[in-house]
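The structure under discussion appears below in the form of structure tokens.
Worth saying up front: this structure is predicted, and the values here are computed from it rather than measured.
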Amino acid sequence: MSRRAVVIGAGLAGLLAAAALSVHADEVIVLDRDELPDGPEHRKGLPQGRHAHLLMSGGLAAMEDLVPGVSVRGRLLDAGAHEISLNSGMLALTPEGWLRRWRHEGPRMLTCSRALLDWVIRETVLAETKTEIRKAQALELLGTTRGVTGVRISTTAGETDLDADFVVDASGRGSRIVHWLEKLGVTGIEERTVDSGLVNATRIYRRPEGAEHFPLTILQANPYTSLPGRAGMVLPIEGDRWMVSLAGTRGAEPPADPEGFAQYIRDLPHPILARLISGAEPLTDIHTSHSTQNARRYLEKAQHWPAGLIVLGDALATFNPAYGQGMSVAALGAQTLSRQLDEEGFTAPTLSTKVQHAVAPSVEGAWALAVGQDIWYPNTKGPAPTTADRLITRYSRRLLKAATGSYTAASALATVTSMEADASTLLHPGTLWAALNGPLLPPLSGPPLTPAERETLASLDRTGAELP
């Protein structure tokens, strides 16, 4: 008997879920309401698509696991993505000071435009699996509380029912899954939202000649000053370009006009970004986005869960993109689906429930990282910090402070940030001891530039500002 799986959403989470399902289903249909581009172009249905995205090594490993025999990393690098060590390949000013650059490279991440990443993943999944993409709008789920039997869709030909043995909702931030579940009779879904009011503003620049090897540079926002957060980043992307991405929480939103954008950069807590791009040529307009709130649906807590239904990616939980873990969480969710399919089988009645529970830990880890900082910004909308939040914040700040001068602390943070290990790693005895001891080296007074990088920065600078 032929088995059909339907995935709602042709974004990263949906295509990776399709790759997982294609091993077990006879037919995998991915539905998306957008006309998908033929190359690495921005798509309308991805509001954060024009802003900075970091693909952590844990997420990349999950992607490669889902399409065995294919090097996703190699394809991305061939297309122009950059590979950067979290320990040694970037300049980062944190709320606790500048991070050092250690000789041990440790975990790596890939940087490129989201358009390029999505295109490479889409082309890879379509070429390597039996996945078909159809242009259609999902209207509602078919079935009952006990199980889902398909999706009602709208196409240019009208409305129709598409039967399925398995349905994955990966439709992103705008998912209507709670409403759909209510129509099936599944009610009482717990939801939580924490919104710092963050606004992203991004502009692409031509990378200046001579700056080919200048490291990714980031000035992180500080949530602990009782002032709105301000952040900025210059990261390399494909095509010999720099993506300059600014972020500000409620009350410090970056503007979309060129002069205001430039002034915002000059007003950041360190002049390095302003110096870097002072002579760089802008290639695009400034694009802004307000789709940055943290929102979580605790579907794993539902008293009854329909068989044949899984929710993954942003449809399950969205995170402030400043923390760079959303794509990796989506990939890990699809990898979890794949492993549960291998263990349980496509038609196992408990499969959906087990998958929904199994994806929760990686979601919780990313949620704790994002919300644990966002709750401290003034005018954040959401629950007030609890006693537990205050204790966790005290420890995380102490560990971050230690990481400015302790390789043990820095390595633990890099491993968790890269999603190669879960947050429990931060409670291992060695990490606890490192946090207790604090930084073993004195704080840096400025960015840890090499002599060559310092010369490059001086050659690029048109501001005349002094660099500490």
Side-chain angles (χ1 to χ4, degrees), residues 10-16 36-43 45-64 66-67 70-86 89-92 105 107-127 200-208 211-218 232-247 276-277 280 282-284 287 289 313-314 319 321-332 334 417-419:
L12 196 68
L15 287 166
L16 294 174
L36 300 177
D38 293 330
E41 303 294 333
H42 176 70
R43 54 175 293 200
L46 192 63
Q48 275 298 119
R50 295 187 184 276
H51 304 287
H53 286 78
L54 307 173
L55 178 57
M56 299 300 173
S57 53
L60 177 61
M63 292 178 185
E64 301 213 310
L66 289 163
V67 280
V70 175
S71 173
V72 175
R73 171 182 172 273
R75 292 188 178 190
L76 285 167
L77 292 176
D78 288 345
H82 297 255
E83 191 168 42
I84 296 168
S85 164
L86 269 69
M90 65 179 186
L91 304 171
E105 292 194 343
R108 292 168 171 261
M109 60 184 172
L110 294 183
T111 66
C112 61
S113 69
R114 178 63 187 266
L116 178 67
L117 179 64
D118 281 359
W119 178 67
V120 168
I121 294 299
R122 185 165 64 248
E123 291 295 295
T124 298
V125 171
L126 291 177
N200 281 329
T202 296
R203 196 175 202 185
I204 305 299
Y205 290 75
R206 190 184 310 282
R207 186 185 64 207
E212 292 80 3
H213 303 294
F214 201 88
L216 182 156
T217 304
I218 178 170
M233 176 189 304
V234 173
L235 74 159
I237 62 171
E238 70 279 4
D240 299 328
R241 297 176 297 166
W242 276 349
M243 178 177 285
V244 180
S245 198
L246 307 180
L276 263 180
I277 68 164
L283 300 176
T284 68
H287 296 280
S289 174
D314 284 359
F319 314 100
Y323 306 107
Q325 293 193 310
M327 295 189 300
S328 294
V329 170
L332 290 167
T417 300
S418 67
M419 304 200 78

Original post:
Ile237 versus Ile204: any side-chain heavy-atom pair under 4.5 Å?
Top reply: yes

Subject >> For the student: nearest non-hydrogen atoms of Ala52 and Ser245, plus distance >> reply: N-OG, 3.9 Å

Original post:
Is Met419 close to Val329 at the side-chain level, that is, under 4.5 Å between some pair of heavy atoms?
Top reply: yes

Subject >> Heavy-atom closest pair, residues Pro236 and Thr111 >> reply: O-OG1, 2.7 Å

Original post:
What are the two closest heavy atoms between Gly326 and Phe319, and how far apart are they?
Top reply: CA-CD1, 4.0 Å

Subject >> Nearest non-hydrogen partners of Ala13 and Gly313, listed with the distance >> reply: CB-CA, 3.9 Å

Original post:
Say you draw a straight line from NE2 of His51 to OG of Ser113; how long is it, rounded to the nearest 0.5 Å?
Top reply: 13.0 Å

Subject >> Closest heavy-atom pair and its distance - Cys112, Glu238 >> reply: CB-OE1, 3.4 Å

Original post:
Just how far is it from atom CD1 of Ile121 to atom CG of Leu66, taken to the nearest 0.5 Å?
Top reply: 9.0 Å

Subject >> Donor-acceptor contact present, side-chain Gln325 to main-chain Thr417, <3.5 Å >> reply: yes

**OP:** State, yes or no, whether a side-chain contact exists between Met109 and Ser328 at a heavy-atom distance under 4.5 Å.
**Re:** no

Subject >> Note, Trp119 side chain near Leu36 side chain (heavy atom, < 4.5 Å) >> reply: no

**OP:** Enter the distance from Leu55:CG to Arg73:CZ here, rounded to the nearest 0.5 Å.
**Re:** 11.5 Å

Original post:
Atom CG in Leu332, atom CE in Met63: separation rounded to 0.5 Å?
Top reply: 9.0 Å

Original post:
Less than 4.5 Å apart, any side-chain heavy atom of Leu235 and any of Ile84?
Top reply: no

Original post:
Got Leu276 and Trp242 here, is their nearest side-chain heavy-atom distance under 4.5 Å?
Top reply: yes

Original post:
Can you find a heavy atom in the side chain of His42 that is under 4.5 Å from one in the side chain of His287?
Top reply: no

Original post:
Do Thr202 and Arg50 have side-chain heavy atoms sitting under 4.5 Å apart?
Top reply: no

Original post:
Rounded to the nearest 0.5 Å, what separation is found between the CG atom of Leu12 and the CE atom of Met327?
Top reply: 7.0 Å

Subject >> Intermediate values then yes/no, side-chain contact (heavy atoms from CB on, under 4.5 Å), Leu60 and Arg108 >> reply: CA-CA 10 Å; Leu60 177 61; Arg108 292 168 171 261; over 6 Å; no

Original post:
Can you tell me how far CE of Met233 sits from CE of Met243, rounded to the nearest 0.5 angstrom?
Top reply: 10.0 Å

Subject >> Arg75 side-chain N/O to Val72 backbone N/O, donor-acceptor pair under 3.5 Å >> reply: no

**OP:** Verify side-chain contact (heavy atoms from CB on, under 4.5 Å) between Leu15 and Arg122, making sure each step is shown before the conclusion.
**Re:** CA-CA 7 Å; Leu15 287 166; Arg122 185 165 64 248; 3.6 Å; yes

